[in-house]
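Report on one structure; see the data block that follows.
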Amino acid sequence: MIQIKTAHEIELMRASGLVTAGALKAVRAAVRPGVTTGELDAIAEDHIRSAGAVPNFLGYHGFTGTICASINDEVVHGIPNPDRTLAEGDNISIDCGAILQGWHSDSAITVSVGTPSAADVALLEVTERSMWAGLAKAVAGGRLTDISHAVEESITAHEHRYGIVDHYGGHGIGTEMHQDPHVLNYGRQGRGPKLVPGLALAIEPMVTVGDPATVELDDGWTVVTKDGSRAAHFEHSVAITPEGPWVLTAEDGGLAGLAPFGVTPRS
Ligand code: MG
Ligand code: MG
């Protein structure tokens with residue numbers, strides 16, 4: 001069932017989104033060689049709880065972290081660990097979410113540790129841009145797979161053949177973190193549910209340098225690429241409003257990220 005929110009409920013989701021945005025900003029600022037993913041997790045949890053919110057990942061099906069911390073060939077769902085130290089040249093994807101007044105938010109960034117290689121710079125840029133291409137299609141009157149198609153087109157436009165991770169994707173979000181509909185990161189446009197004001201979605205491309213096939217590790221969580229190639233993951237929660245997309249987990253509501261697509265977010 002797709003949950004359609006009132007304008008007031010979307011405002012509450014925005015407040016939740018800003019908590020998650022702040023948590024990710026604090027974690028990003030702490031990423032450096034020598035820091036552990038356990039320390040990053042604590043920074044996120046402190047930020048969320050100081051804002052009067054609750055981490056939504058913590059305890060989710062038994063997950064033990066506030067963030068997912070996925071390094072290099074780990075695609076998503078890496079478990080924060082006080083013994084796991086970041087090194088120069090690593091990439092870390094940090095996925096995080098909060099519940100404020102019952103409303104969920106969900107967002108992810110991938111950050112390079114120290115000075116990245118040209119290949120890592122490109123991987124992160126391609127992945128983040130594809131997320132914005134999808135967010136730019138979160139407009140009333142469209143269909144769900146317009147978003148999926150835009151994400152895919154953005155990734156496949158590059159000379160290097162990046163992989164798009166199958167099966168995992170975005171989702172509806174609201175009074176629960178994961179709601180209908182599932183949002184694939186590929187597909188033909190013009191299909192699926194109609195995009196209407198009050199629909200809120202998390203859009204989250206997962207892109208690999210090599211083959212997109214993945215396996216889950218024995219810890220029951222961490223998803224890695226089968227071929228060991230590096231992956232990146234970016235995510236924002238967005239609401240469809242009569243005035244355009246409102247990127248709930250972006251501090252500026254999506255103003256800068258949507259601009260290259262000629263889309264102005266709700267302000
Ligand atoms: Mg997420
Ligand atoms: Mg998500």
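Atoms within each ligand, like the ligands themselves, are counted from 1 in listed order. In this text the structure is predicted, and so the values were computed from the model without any measurement.
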Taking the N/O/S atoms of Glu235 one by one, which is nearest to the Mg ion (ligand 2)? OE2
Please state the angle at the Mg ion (ligand 1) spanned by OD1 of Asp95 and OD1 of Asp106: what is it, rounded to 10 degrees? 100°
Mind checking whether [X] and [Y] have ring centres under 6.0 Å apart?
X	Y	answer
Phe261	Trp132	no
His233	Tyr168	no
Phe234	His236	no

Parallel, tilted or perpendicular: which describes the rings of His167 and His182, with under 30° parallel and over 60° perpendicular? tilted
Could you confirm whether Glu204 has any N/O/S atom lying under 2.8 Å from the Mg ion (ligand 1)? no
So does His178 have any N/O/S atom less than 2.8 Å away from the Mg ion (ligand 2)? no
